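Below is one structure; the comments refer to it alone.
Values reported hereafter were calculated over all heavy atoms of this structure, with side chains retained and with hydrogens, waters and symmetry mates removed. Keep in mind that this is a model prediction, so the values were computed, not measured.
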Amino acid sequence: QVQLVESGGGLVQPGGSLRLSCVATGKFFGIYTMAWHRQAPGKQRELVARMTGDDTVRYVDSVKGRFTMSRDNAKKTTYLQMNNLKPEDTAVYYCHQENVAWGQGTQVTVSS
């Protein structure tokens, strides 16, 4: 059974940066599509970034140019580097291995 464990969330001022990490158990990590989603209070969960097995990444328009998704297959880890954070980025961020598992979420709060 695959488990995903996120870390790296926290409180940051507007314009600041955070890097989220998601470590996966299980085999064949590198072939799976990985994604980061977020859910703000009172809103539906939305896809933030999605990386396919060939490392192609797509981002939601609101984070393009500010967020970068990457992966280290040897470490079975997915990252989300978030720069120039805005208050509207405040949400619980979830790691997702498509069709397999979800992480428990990590809180990101952007506030002065």
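How far SG of C22 is from NZ of K76: 12.5 Å, rounded to the nearest 0.5 Å. For the atom pair T52 OG1 and E98 CD, the distance stands at 9.5 Å (nearest 0.5 Å).
Looking at H37 and V48, their side chains never come closer than 4.5 Å, going by heavy atoms from C-beta outward. Between R19 and Y79, some side-chain heavy-atom pair lies under the 4.5 Å cut-off. You'll find the side chain of S111 stays beyond 4.5 Å of the side chain of P87, heavy atoms only. Using a 4.5 Å heavy-atom threshold, the side chains of L4 and V23 count as separate. Side-chain contact between V108 and L18 is present, with at least one heavy-atom pair separated by less than 4.5 Å. R71 is listed as a side-chain neighbour of M34, based on a closest heavy-atom distance under 4.5 Å.
Residues L47 and V60 come closest through the heavy atom pair O-CB, 3.5 Å. Of all heavy-atom pairs between T25 and Q3, the closest is OG1-N, 2.8 Å. Closest approach of S17 to N83, counting heavy atoms only: OG-OD1, 2.9 Å. Looking at every heavy atom in both residues, V57 comes nearest to M51 through CG2-CE, 3.2 Å. Considering all non-hydrogen atoms of both residues, Y59 and V63 come closest at CB-CG2, 3.9 Å.
Among M82, R50, E6, H96, the one residue that satisfies the side chain to side chain contact (heavy atoms under 4.5 Å, CB included) test with W36 is E6.
Remark: the T77 side chain and the D72 side chain contain no N/O donor-acceptor pair separated by less than 3.5 Å.
By the 30° and 60° cut-offs, the orientation of the rings of F67 relative to Y93 is tilted.
The cationic atom of R38 (NZ for Lys, CZ for Arg) does not lie both less than 6.0 Å from the six-membered ring centre of Y94 and within 45° of the ring axis.
Not a single donor-acceptor pair under 3.5 Å links the side chain of T90 to the backbone N or O of T109.
Other residues, nucleotides and ligands contribute more than 12 heavy atoms inside 6.0 Å of the CG atom of D54. Atom CD of E88 sits in a crowded spot, with more than 12 heavy atoms from other residues, nucleotides or ligands closer than 6.0 Å.
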Candidate pair D61 and K64, rule salt bridge (Lys or Arg N to Asp or Glu O under 4.0 Å), full reasoning: CA-CA 5 Å; D61 286 346; K64 285 181 180 177; 2.9 Å; yes
Stepwise side chain to side chain contact (heavy atoms under 4.5 Å, CB included) check, L80 with T68: CA-CA 6 Å; L80 185 68; T68 302; over 6 Å; no
